[in-house]
Amino acid sequence: ISLDTSESTTLFAKSSVGYKPGGYSAYTNSANLSYEEEKAWTTEIGVTLEPNTTWRMVLAAFWSDIEDYQFEKSLSAFTTDYAIINAEEVGGKGFEAELIAQPNENLIISAALGINDMTFEKHGIFNGNKVPFAPRHTLNISAQYSLPSGYYGRVEFRSVGETFYDEENNTALQQEKYSVVNASIG
């Protein structure tokens with residue numbers, strides 16, 4: 001659903017139900033490790049601002065309720081065996097902001113920020129723990145300058161927040177937040 005409140009402002013709301021089929025884990029020596037289908041209900045609300053052709057901003061909030069959440073789990077610290085298992089319930093919420101500006105025909109500047117909180121709500125002793133592989137935040141800022149001849153230069157800054165890689169939220173298996181700068185010419 002979207003509603004244009006003016007020429008430059010659009011409010012939107014989206015809600016969807018998703019499904020991932022169940023199956024059997026392929027990367028283990030155990031033939032009987034099956035997992036259930038996953039069902040998710042996600043809702044997003046937000047606003048798009050585009051006052052002129054030189055810039056646009058999108059702000060959005062979202063939340064998700066997921067039943068039988070599927071995630072990868074290492075079966076042993078000393079093997080490469082891992083399986084897909086289910087957590088009974090996972091809840092998530094977050095915020096996203098995106099800004100794109102094109103002050104002239106050659107220069108594009110963009111920035112995007114995502115704040116994410118995915119948590120086990122029903123998963124035995126792990127209730128309240130963060131879901132693996134879901135960073136707390138992502139940030140991307142870039143600038144690209146393109147010449148009429150087709151050549152370009154691009155600089156990009158990317159930051160990823162702390163990420164856990166297991167359901168226990170073991171700090172030994174945690175990726176601290178990090179940042180990377182990329183540059184390219186072509």
Side-chain angles (χ1 to χ4, degrees), residues 1 12-46 58-98 110-142 154 156-184:
I1 298 172
F12 63 87
K14 305 173 186 178
S15 191
S16 64
V17 175
Y19 164 85
K20 282 171 62 176
Y24 293 90
S25 293
Y27 299 102
T28 178
N29 291 329
S30 176
N32 297 327
L33 281 177
S34 65
Y35 53 94
E36 301 298 318
E37 65 186 31
E38 175 183 299
K39 296 166 282 312
W41 182 13
T42 299
T43 303
E44 179 181 47
I45 59 170
V58 180
L59 303 172
F62 66 89
W63 57 95
S64 299
D65 292 314
I66 307 169
E67 293 179 14
D68 294 319
Y69 178 79
Q70 298 171 1
F71 68 99
E72 295 177 359
K73 178 178 180 162
S74 177
L75 299 178
S76 170
F78 304 107
T79 71
T80 56
D81 283 1
Y82 69 91
I84 296 175
I85 65 168
N86 294 98
E88 191 174 342
E89 287 183 25
V90 164
K93 58 188 175 293
F95 173 79
E96 298 170 342
E98 177 183 26
S110 66
L113 170 67
I115 306 293
N116 184 32
D117 182 22
M118 298 291 289
T119 308
F120 290 115
E121 291 183 350
K122 279 191 181 176
H123 189 49
I125 63 171
F126 306 114
N127 291 352
N129 283 9
K130 301 297 181 197
V131 170
F133 301 99
R136 182 75 178 123
H137 81 269
T138 57
L139 172 66
N140 190 305
I141 301 170
S142 67
R154 180 179 175 87
E156 180 178 84
F157 171 81
R158 177 172 162 81
S159 175
V160 178
E162 102 180 339
T163 306
F164 290 101
Y165 292 109
D166 65 350
E167 64 197 325
E168 294 92 1
N169 290 178
N170 183 341
T171 56
L173 298 175
Q174 172 188 0
Q175 173 69 56
E176 294 292 331
K177 64 182 176 182
Y178 65 93
S179 299
V180 177
V181 175
N182 297 311
S184 59

Are the side chains of V131 and F164 in touch, meaning some heavy atoms are under 4.5 Å apart? no
To the nearest 0.5 Å, tell me how far N170 CG sits from N129 CG. 10.5 Å
Does R158 come within less than 4.0 Å of E156, counting only side-chain N to carboxylate O? no
Might you work through the side-chain contact (heavy atoms from CB on, under 4.5 Å) test for T163 and Y178, ending with a clear yes or no? CA-CA 10 Å; T163 306; Y178 65 93; 6.0 Å; no
Within a strict 4.5 Å, meaning less than it, do heavy atoms of the I85 and F71 side chains meet? yes
Just wondering, do N182 and S184 contact through their side chains at under 4.5 Å, heavy atoms? no
Shortest non-hydrogen contact from E44 toward A60: OE2-CB, 3.5 Å
Just distance, no hydrogens or angles: give the donor-acceptor pairs under 3.5 Å from side chains in residues 113-125, sequence neighbours left out.
{"residue": "N116", "atom": "ND2", "partner": "P135", "partner atom": "O", "Å": "3.4"}
{"residue": "D117", "atom": "OD1", "partner": "T119", "partner atom": "OG1", "Å": "3.2"}
{"residue": "D117", "atom": "OD1", "partner": "K130", "partner atom": "NZ", "Å": "2.5"}
{"residue": "D117", "atom": "OD2", "partner": "K93", "partner atom": "NZ", "Å": "3.0"}
{"residue": "H123", "atom": "NE2", "partner": "E167", "partner atom": "OE1", "Å": "2.4"}

Kindly indicate, with the supporting measurements, whether the criterion side-chain contact (heavy atoms from CB on, under 4.5 Å) is fulfilled by T138 and N140. CA-CA 7 Å; T138 57; N140 190 305; over 6 Å; no
Could you check whether any side-chain heavy atom of H137 comes within less than 4.5 Å of a side-chain heavy atom of S159, counting everything from C-beta outward? yes
Nearest non-hydrogen partners of E168 and K73, listed with the distance: OE2-NZ, 4.4 Å
A side-chain contact here means heavy atoms from C-beta on lying under 4.5 Å apart; do D166 and P132 qualify? no
Of the non-hydrogen atoms in F95 and L59, which two are nearest, and what is the gap between them? CZ-CD2, 4.0 Å
For Y35 against P21, the heavy-atom pair lying closest together: CE1-O, 3.8 Å
Quick check against the 3.5 Å criterion: does T171 have a side-chain atom that pairs as donor or acceptor with the backbone of N169? no
Taking all non-hydrogen atoms of both residues, which atom of S142 and which atom of R154 are closest, and how far apart? OG-NH2, 3.3 Å
Residue among K177, Q174, Q175 satisfying side chain to side chain donor-acceptor pair (under 3.5 Å) with E162: Q174
Counting only heavy atoms not in E36, do more than 12 sit closer than 6.0 Å to its CD atom? no
Value for CD (E38) from CG (D68), rounded to nearest 0.5 Å, stands at 8.0 Å
What donor-acceptor contacts under 3.5 angstrom involve side-chain atoms of residues 12-20, with partners at least two apart or in another chain?
{"residue": "S15", "atom": "OG", "partner": "W41", "partner atom": "NE1", "Å": "2.7"}
{"residue": "S15", "atom": "OG", "partner": "T43", "partner atom": "OG1", "Å": "3.1"}
{"residue": "Y19", "atom": "OH", "partner": "E37", "partner atom": "OE1", "Å": "3.3"}

